[in-house]
**Q** 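Please find one structure pasted underneath; my questions will follow.
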Amino acid sequence: MSSIVEQELIPEAKKTIPRGWIFAGIIVVWAIIGKIMNGKYTLAVNLADQTKMSASINDWANHLGQNRQSNPFFVYFITPVREFISGLVDFIRSVISVPLAHSSIPMLGWLGIFAVIGFIVFITSNFRQSLFAMAMIFSVGALGLWTQSMDSLALVLTAAILSLIIGIPVGIWAGLSDRGLAVVTPILDLAQILPTLVYLAPVALFFLIGPAAATIATMIYTIPISIRLTAFGIRGVPKSPVEASVSMGTTKWQLLRHVQLPMASRTIVLGINQTTLAALSFAVIATLIGAPGLGDPVVQALVLRNVGDGAVAGLAVVLIAIMFDRSTSATLKKQGIYVPPSEKAIRNRRIGIGIFGAITVAAIVVSRQFKWAAFFPESINVSKPIADFADKFTSGAVDHFGFATTGLNTLITETILNPLESLLTGTPWFITSLAIVAISFLLGGARSAIVTTILLLAIVSTGLWQDTMVTFTQTIVATLLTMIIGVILGVWIGRSERADKVLRPFLDAGQVLPAFVYLIPMLGFFGPSRFTGIATGIIYSIPIVVKIVGQGIREVPVNMNEAAISAGSTKWQQITKVQLPAAKNSLLLATNQGLIFVLAVIVIGGFVGSGGLGYLVLVGQSKVEMTGKGLVAGLAILLLGVMIDRIAQYTVRRNSAPKQ
Amino acid sequence: MTSSHSAISVRNLWQVFGPNPENIIGSPDALLPRAELRAKTGNTAAVRDVSFDVAPGEVFVVMGLSGSGKSTLVRCLTRLIEPTSGSVVMDGEDVLQANGSRLRELRRTKFSMVFQNFGLLPHRRVIDNIAFALEINGVKKSERHARAQEVVELVGLRGFEQAYPEQLSGGMQQRVGLARALAVDPEVMFLDEPFSALDPLIRRDMQNEVIRLHKELGKTMIFITHDLDEAIKVGDRIGIMRDGAMVQIGTPEEIIANPADEYVADFTRDVPKSHVLTLRTIVRPQADGESVSGVSLDAKTIIRDATDAVVNAGGAVTVTDNGQSIGVITANDILRIVGSGASA
Amino acid sequence: MTGKTKVGFKLSAIAGAAALLLTACGGAGVDAGSTASAASTGAPCGSYTIAMHAWVGYTASAQVLTNVGKSLGCDIKQVKLDEAKTSYDAMESGTVDLIVEDWGGGRWKDWVDRGAVVDLGSDGNVGQIGMYVPKWMAEKYPDITDAANLNKYADLFKTPESKGKGAWLEGPPGYTTIGEKLISANKLNYTAINVGSEQALIDAFTKGTENKTPVIGYWWTPHYLLAKLGLVRVNFPKSTWTDAAKADGTTDYPASDLEKLASKKLATSGDAFSKLVTNWKWTNDDQNAVASDIDGGMTPEAAAQKWIDAHADVVASWTK
């Protein structure tokens, strides 16, 4: 796969020929055959041309659309579900964002919403968090995105609540029953590697573009999170209280209600936190299928390469995310403390709730009576300076470092990207497949090779071999670069507390910010090109890689380091000979995660000239005759994702050092 | 002792993990040592053909090294782990035959359990932990709190009712565990290494506490431990387990005096025999010409307790059983025993 | 759960219930009279949503209709939405009511057939797609405007992205494109590159014009940029097709009328906005004037209003 990764994967030489040599041999043979048979059997298909599969799916999709009103599956299932969810979103929007009929304001004006949010956070955590949340929501208004934020909030709340309603019971089931876990696990695993872009189109096909489809797509993304964390929480409950309770004759229900749920509540609240944050970050991309809210300005800014507007909208998303995160985290902290409050504390809190509640009610009333309290004051608007700053910063960077960004783009494109792409796409498909299977065998063993073979054949049968290989190339290159940067940064934060303190906020923010948001400045830096998508993929996946590597380095036993130092090794030797080899499992895990994260973003690179499968999905989204091809491209992304994940998993399994 | 008079009567209890466990029991494989059985069939016999009876009001200690199956055994008795076969009769009813709801009823009323790791609910106050068993049985809040309060007094937790378990020390937490087990006024209490997680000093306090509670309440107890000193201290009788089987059952004295095999002997070697054995075990006929001091002691007296009297008697001491002389002992006899105990 | 939070929840429930009650009882009466909607001058008019596509010309058309519609007392909202299928589906699900400029040449047929979308005919604009080069190139290489000579210049257009051939910048996704077919049918030594958005094309043409770097790409009229940069069209043989899916790639893009599409609700309501949309028609120059102002930094609202104020008679003819 890549030389760096490869080095990590080779265990101490057991075989006569080192795997590195075999690997190089495969590449050389592959390249030579590729040179000789270049351009033959490459399964190239023009963008506008159909494959067998895409044509039939197109027909099916059209048929589906035409029978929307008569097909009982639609009439009795899809349509009612759509209407129910639509109704829910519309209801919440009518409370906070969309004016009611015969009115110009929603049920609550901005002041009312502001107070209600503060009040809710006060009840679930504390006064400080409540002030903080109100400051965040006020800032969002000051960014001039009040209505969009409320629209996003409505969608996020609907999606999060429905996700929890479904996810928590399923999670409980998977937590209590081994069979439940067995049923749920493969679905959760698949959901984890499924790039978000893939399921937008199918969901829109069934539920039509609109808030309902956006909510459902968001739920597909968030339900697995709530299931996973709930199940994890239930399974993590210490055994002895459960056993003690059973020995007292609890029924299953009593056990769940009085023991397992309360003791898992921290993890479940964490699940609520994660579900909500994920819904928020998804709400941006869900704009593509009709989500109202903050995604609008982001996508608009992307299309217009408007870095400033994109930055403002992105900032709003981050502020709301911080608000959710901080207030649920505070609740979480509270959950773990079992110290009885004093009488006085209880009384003070009651008084506090009473006063805050009264103020909230007053604010609601006022917000429905007076214009200043109904509409967020337009005079408070800081979006322009922020947008201007972001614009100037980016254009300044482009002006001053344009030579560097262009140079970097050209360098990577011509030295790695183009040769690798022509190797993967220009060689006959069966030779490329053979090479991939051989490498898969080398990395993950026989089972890995078998699974890879099946998935490659499935990809070939979609007819989108070329585009898949284009996307695969970009994924490999982006992961390679991610690992180089990620390992350097990871070693840095693993070795230095200071570095960790400096970098962590960026890493955290990077994980919250939807990739769409920084796609925009990347477009500014690198123009429409494959490297723009790659750069975005790198930025998206670096936080997780750095965190995992840093953690791995930090967990290297102290005595190993001390032994190395006392043996007189240099810092460099200490890193390369002791820490990195000892953190091998973390490096493997980081590579696996990096690949999956990169793939998820590489496909949205279609927006900025990356081509490949992602672009087909986008085209399928907007051109009727390309619907089928877009869906097939989604399928191909899925197959590619599963293939990458399987190879990585088998590699990890085969090469992991045994746990100490 | 027969099962009709027992508080609990266990017969031929088996617990085999692994595939088709029922095929193992009764087959020649059942007699294989554990490791061989696992190699051959993939099964592990955690409890092998265990039978014993516990009299009402008795403290029966099950003792063994870790992995000997004692914890599995106690869980089989309460069916926290389902035994593979056998019977566990309480009040003429086989617990193993009870259906789900009957089993819950038994657990709520007839027996209760104390755990090594306490098993307290961290999100409930002490009082609500203690009242939990009553709560799940549908007892009204005022009633169950009143009952819990009684038990609080009993185990010395007064003043801590409103605390959360995490605020208490380990010893105090296990008092909550004891109180919780007592709250339902059970007929039989199972204590699974209740003090293993505690400091030695606190452990001693808690052992005394159990002895006191037993004296006051007279509950039948089945007490699991890996500590022979503890077993001797609290137990009326001790059952010693090895590799899932019960290798010897007897009073502490019987076990120390006549270990059934090397394994048991290994255990008992380090126990100060003078602390366990009674004069009965060392009494001997009066030798010719031996002078008798005129002091007499009952045969049931523990040797240690007799030491002063015998050493100060200035001659052989007469040992009596029900007033009848059964022989004599001298200071030398006692010192031999004490000396062997101290050799550890 | 601690007693503390239990109390919290009880109280919060009470407060919440009180708040809800207030809200419910308040009803329309409480609703801020002071904040009431725009003054209504004409006949009662409904509430409609316009699908906003990404290009500036579209914004110009939509904004003019929005301004006029609002002045008629209609409640007009705008929602940013991808073109074609995305918007048709949205129309079918009732999310949007109007597309002011569709280039699709009939791709809406299925939706029209099942009554989800109504074709209101041409909006007066005539669209023409083609391949364009910056003015300086047409001056320096006069014969480049004939597609037959493109191969001669292919090397000029090489970039890292185009892998040894000329870089042929294709239109954004969703736009009608036959670039790959043109390349293969005319045996051109070019690679079609999908740049992803209109802005990327604007950037490329602007840079190409300012820095005199060679660029060839997809462009169209009506669009203010065409005149601003003076892009020159490369001529392929005259178009012989109307449905892009059936084009063989030997001939150029056709000129096509740009269509107004409406939801069934809007098309049949007969209210002021419905009439406005049906009557509305304007020229490429009209649209370019507004679009150019927007590009120059005016808000769409102001740019549209400027045009409306200057063309009162035209607007009057729409609202009759």
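A, B, ... follow the sequence lines: proteins, then strands. Residue 1 opens every chain. Atom set for the values below is all heavy atoms of this structure, side chains included, hydrogens, waters and symmetry mates excluded.
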**Q** Please name the pair of heavy atoms, one in C/T177 and one in C/E170, separated by the smallest distance, quoted to 0.1 Å.
**A**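 Smallest interatomic distance, heavy atoms only, reads CB-OE2, 3.2 Å.
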**Q** Measuring heavy-atom distances to chain C, does A/V608 have an atom under 4.5 Å in its side chain, in its backbone, in both, or in neither?
**A**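 Contact with chain C involves the backbone of A/V608 alone.
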**Q** Side chain, backbone, both or neither: which part of A/S422 has an atom under 4.5 Å from a heavy atom of chain C?
**A**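 For A/S422, neither part sits under 4.5 Å from chain C.
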**Q** Flag the one option from A/P528, A/G112, A/G527, A/G620 with the top tally of heavy-atom pairs under 4.5 Å to chain C.
**A**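 If we count pairs closer than 4.5 Å to chain C, A/P528 comes out on top.
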**Q** If we define contacts as heavy-atom pairs under 4.5 Å, which of A/T410, A/N306, A/D296 has the most with chain C?
**A**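 Option with the top pair count is A/D296.
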**Q** Using non-hydrogen atoms only, which part of A/S529 is less than 4.5 Å away from chain C: side chain, backbone, both, or neither?
**A**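 Both the backbone and the side chain of A/S529 come within 4.5 Å of chain C.
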**Q** Less than 4.5 Å apart, any side-chain heavy atom of C/Y218 and any of C/V195?
**A**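 No, their side chains stay 4.5 Å or more apart.
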**Q** Looking only at heavy atoms and a cut-off of under 4.5 Å, which of C/R114, C/M52, C/M91, C/K77 has the most pairs with chain A?
**A**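 Going by pairs under 4.5 Å, I would pick C/R114.
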**Q** So C/Y58 and C/D102, side-chain hydrogen bond (donor to acceptor under 3.5 Å, both in side chains) or not? Walk me through it.
**A** CA-CA 9 Å; C/Y58 187 102; C/D102 195 299; over 6 Å; no
**Q** Of all of A/N418, A/V619, A/L417, which one pairs up most often with chain C through heavy atoms under 4.5 Å apart?
**A**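 Maximum pair count with chain C is reached by A/N418.
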**Q** Taking atom types as modelled and ignoring hydrogens, do the side chains of C/W241 and C/D248 form a donor-acceptor contact shorter than 3.5 angstrom?
**A**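 Side chains of C/W241 and C/D248: no pair found under 3.5 Å.
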**Q** Kindly write out the residues that satisfy side chain to side chain contact (heavy atoms under 4.5 Å, CB included) with C/T213, not counting sequence neighbours, or none if the list is empty.
**A**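 Applying side chain to side chain contact (heavy atoms under 4.5 Å, CB included) to C/T213 gives C/N211.
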**Q** Is A/E83 in contact with chain C via its backbone, its side chain, both, or neither, using a 4.5 Å heavy-atom distance?
**A**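 Neither part.
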**Q** How close do A/A204 and A/I209 get, heavy atom to heavy atom, and via which atoms?
**A**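 Between these two residues, the closest heavy atoms are CB-CD1, 3.9 Å.
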**Q** Relative to chain A, which segment of C/T95 carries a heavy atom at a distance below 4.5 Å: side chain, backbone, both, or neither?
**A**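 The answer is the side chain of C/T95.
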**Q** Using non-hydrogen atoms and a 4.5 Å limit, figure out which bit of A/F607 sits close to chain C: side chain, backbone, both or neither.
**A**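 Contact with chain C involves the backbone of A/F607 alone.
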**Q** For A/S86, enumerate each residue passing the side chain to side chain contact (heavy atoms under 4.5 Å, CB included) test, keeping only those at least two apart in sequence or located in another chain.
**A**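 With neighbours one apart ignored, the set is A/A212.
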**Q** For A/R349 and A/N126, which I'm curious about, is there any donor-acceptor pair between the side chains at under 3.5 Å?
**A**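 Absent: no donor and acceptor within the cut-off.
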**Q** Pick one of side chain, backbone, both or neither for C/S184, based on which atoms fall under 4.5 Å of a heavy atom in chain A.
**A**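 Contact with chain A: side chain only.
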**Q** State, without any angle test, whether C/Y48 and C/S269 hold a side-chain donor-acceptor pair at a distance under 3.5 Å.
**A**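 Yes, a side-chain donor-acceptor pair sits under 3.5 Å.
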**Q** Enumerate by number any residue of residues 197-205 of chain C whose heavy atoms lie under 4.5 Å from heavy atoms of chain A; in the absence of such residues, state 'none'.
**A**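 Within residues 197-205 of chain C, the residues under 4.5 Å from chain A are C/S197, C/Q199, C/A200, C/D203.
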**Q** Take the angle between the ring planes of C/Y175 and C/W55 and call it parallel below 30°, perpendicular above 60°, tilted in between.
**A**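 Perpendicular, since the angle between the ring planes exceeds 60°.
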**Q** According to the salt bridge (Lys or Arg N to Asp or Glu O under 4.0 Å) rule, which pairs have a member within residues 354-366 of chain A, sequence neighbours left out?
**A**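 Of all non-adjacent pairs touching residues 354-366 of chain A, none passes salt bridge (Lys or Arg N to Asp or Glu O under 4.0 Å).
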